[in-house]
Amino acid sequence: MKEAVYISGAPSAGPDLQELLGLVARGDQDAFAKVYDAVSGPVLGLVRSVLRDPAQSEEVAQEVLVEVWRTAPRFRASRGSAMNWVLTLAHRRAVDRVRSAEASAAREHRAALLDRTTAFDQVTEQVESRLEREQVRRCVRTLSELQRQSVTLAYYRGLTYREVSELLSVPLGTIKTRLRDGLIRLRDCLGVSA
């Protein structure tokens, strides 16, 4: 039968965990071996209760013990017991692993959804484009002759307002008014909101 582990710090023979962590902070490998023996079981148990996967639990427990070796100088006895400090490291690392796995699953889910998007349908695009062109032609036919000429020259031939004015021999202000009125009628005919 295994010996019970007391988180609250039941007395044990030899140096206590707090003293051992002090020695580990100074690089004492023998002290770390004793710390390892004292905390590896509780660390693995805590990590396994969070992760539920034995393989990942062992991996995370190993990471925690390496972290104990590297960060032993950060331990402060005034903030709590050595066992609680180690178990806090273990809990944080286990929760980080769960969050990482959840984020990875969410990324994969989003990527899978992107793969399901419909491919570009060239036939549908051509039909929609043809219908839109026909609607524009129908709306252009509703313009007055002067508006149609101005819109056609400015937007289909790419002439400037001034060039349209000179070509039609009409004052620039009149061309601007015709274009504005024509575009308003087109917008209304096409059902486009301003």
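With respect to Arg99 and Glu102, no salt bridge is recorded, no charged nitrogen being found less than 4.0 Å from a carboxylate O. Taking a cutoff of 4.0 Å between a charged side-chain nitrogen and a carboxylate oxygen, Glu134 and Arg141 qualify as a salt bridge.
Under the 4.5 Å side-chain heavy-atom criterion for grouping Ile, Leu, Val, Met, Phe, Trp and Tyr, Leu87 is connected to Leu89 within one hydrophobic cluster. Note on Leu190: it clusters hydrophobically with Leu183, by side-chain heavy-atom contacts below 4.5 Å among ILVMFWY residues. Taking hydrophobic clusters as Ile, Leu, Val, Met, Phe, Trp and Tyr residues chained together by side-chain heavy-atom distances below 4.5 Å, Tyr161 shares a cluster with Leu143. With hydrophobic clusters built from ILVMFWY side chains whose heavy atoms lie under 4.5 angstrom apart, Ile175 does not share a cluster with Leu146. Val151 and Leu159 fall within a single hydrophobic cluster, where Ile, Leu, Val, Met, Phe, Trp and Tyr are joined by side-chain heavy atoms under 4.5 Å apart, directly or via other members.
The closest donor-acceptor contact from the side chain of Glu128 to the backbone of Glu125 lies at 3.5 Å or more, if one exists at all. Proximity of a side-chain donor or acceptor of Ser81 to a complementary backbone N or O of Asn84 within less than 3.5 Å is detected. When atom types are taken as modelled, the side chain of Ser104 and the backbone of Ser100 share no donor-acceptor pair closer than 3.5 angstrom.
For the salt bridge (Lys or Arg N to Asp or Glu O under 4.0 Å) condition, the pairs that include at least one residue of residues 147-165, sequence neighbours left out, are Glu145-Arg148. Contacts classified as salt bridge (Lys or Arg N to Asp or Glu O under 4.0 Å) and involving residues 46-68 (residues at least two apart or in different chains) are given here: Glu59-Arg97, Glu63-Arg93, Glu63-Arg97, Glu67-Arg93.
Counting heavy atoms from C-beta on, the side chains of Val68 and Tyr36 never come closer than 4.5 Å. By the 4.5 Å heavy-atom criterion applied to side chains, Leu113 and His109 are counted as neighbours. Here the side chains of Val86 and Phe75 are not in contact, with every heavy-atom distance at 4.5 Å or above. Put simply, the side chain of Val140 does not reach to within 4.5 Å of the side chain of Arg137, judged on heavy atoms. Counting heavy atoms from C-beta on, the side chains of Ser150 and Gln147 never come closer than 4.5 Å. Two residues are said to be in side-chain contact when any heavy atoms from C-beta on lie closer than 4.5 Å; Tyr155 and Leu179 meet this criterion. Counting heavy atoms from C-beta outward, Val66 and Arg70 have side chains that approach closer than 4.5 Å.
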Donor-acceptor pairs under 3.5 Å, side chain of residues 165-172 to any protein atom, not counting sequence neighbours: which ones?
from, atom 1, to, atom 2, distance (Å)
Ser165, OG, Val170, O, 2.4
Ser165, OG, Leu172, N, 3.3

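Closest approach of Val164 to Ala154, counting heavy atoms only: CG2-N, 4.0 Å. Contact record, Ala82 with Leu21: CB-CD1, 3.5 Å, taken as the closest heavy-atom pair. In this structure, Ala61 and Leu44 approach most closely via the heavy-atom pair CB-CD1, 4.0 Å. Considering all non-hydrogen atoms of both residues, Ala38 and Pro42 come closest at O-CD, 3.7 Å.
Note that CG of Asp96 is 10.0 Å distant from NE2 of His91, once rounded to the nearest 0.5 Å. Between the CH2 atom of Trp85 and the CZ atom of Arg76 there is a distance of 9.5 Å, given to the nearest 0.5 Å.
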What do the steps show when you test Gln18 against Asp16 for side-chain contact (heavy atoms from CB on, under 4.5 Å), and what is the final call?
-> CA-CA 5 Å; Gln18 183 175 324; Asp16 69 350; 3.9 Å; yes
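Other residues, nucleotides and ligands contribute only 12 or fewer heavy atoms inside 6.0 Å of the CZ atom of Arg92.
The closest side-chain donor-acceptor pair between Arg133 and Ser129 falls under 3.5 angstrom.
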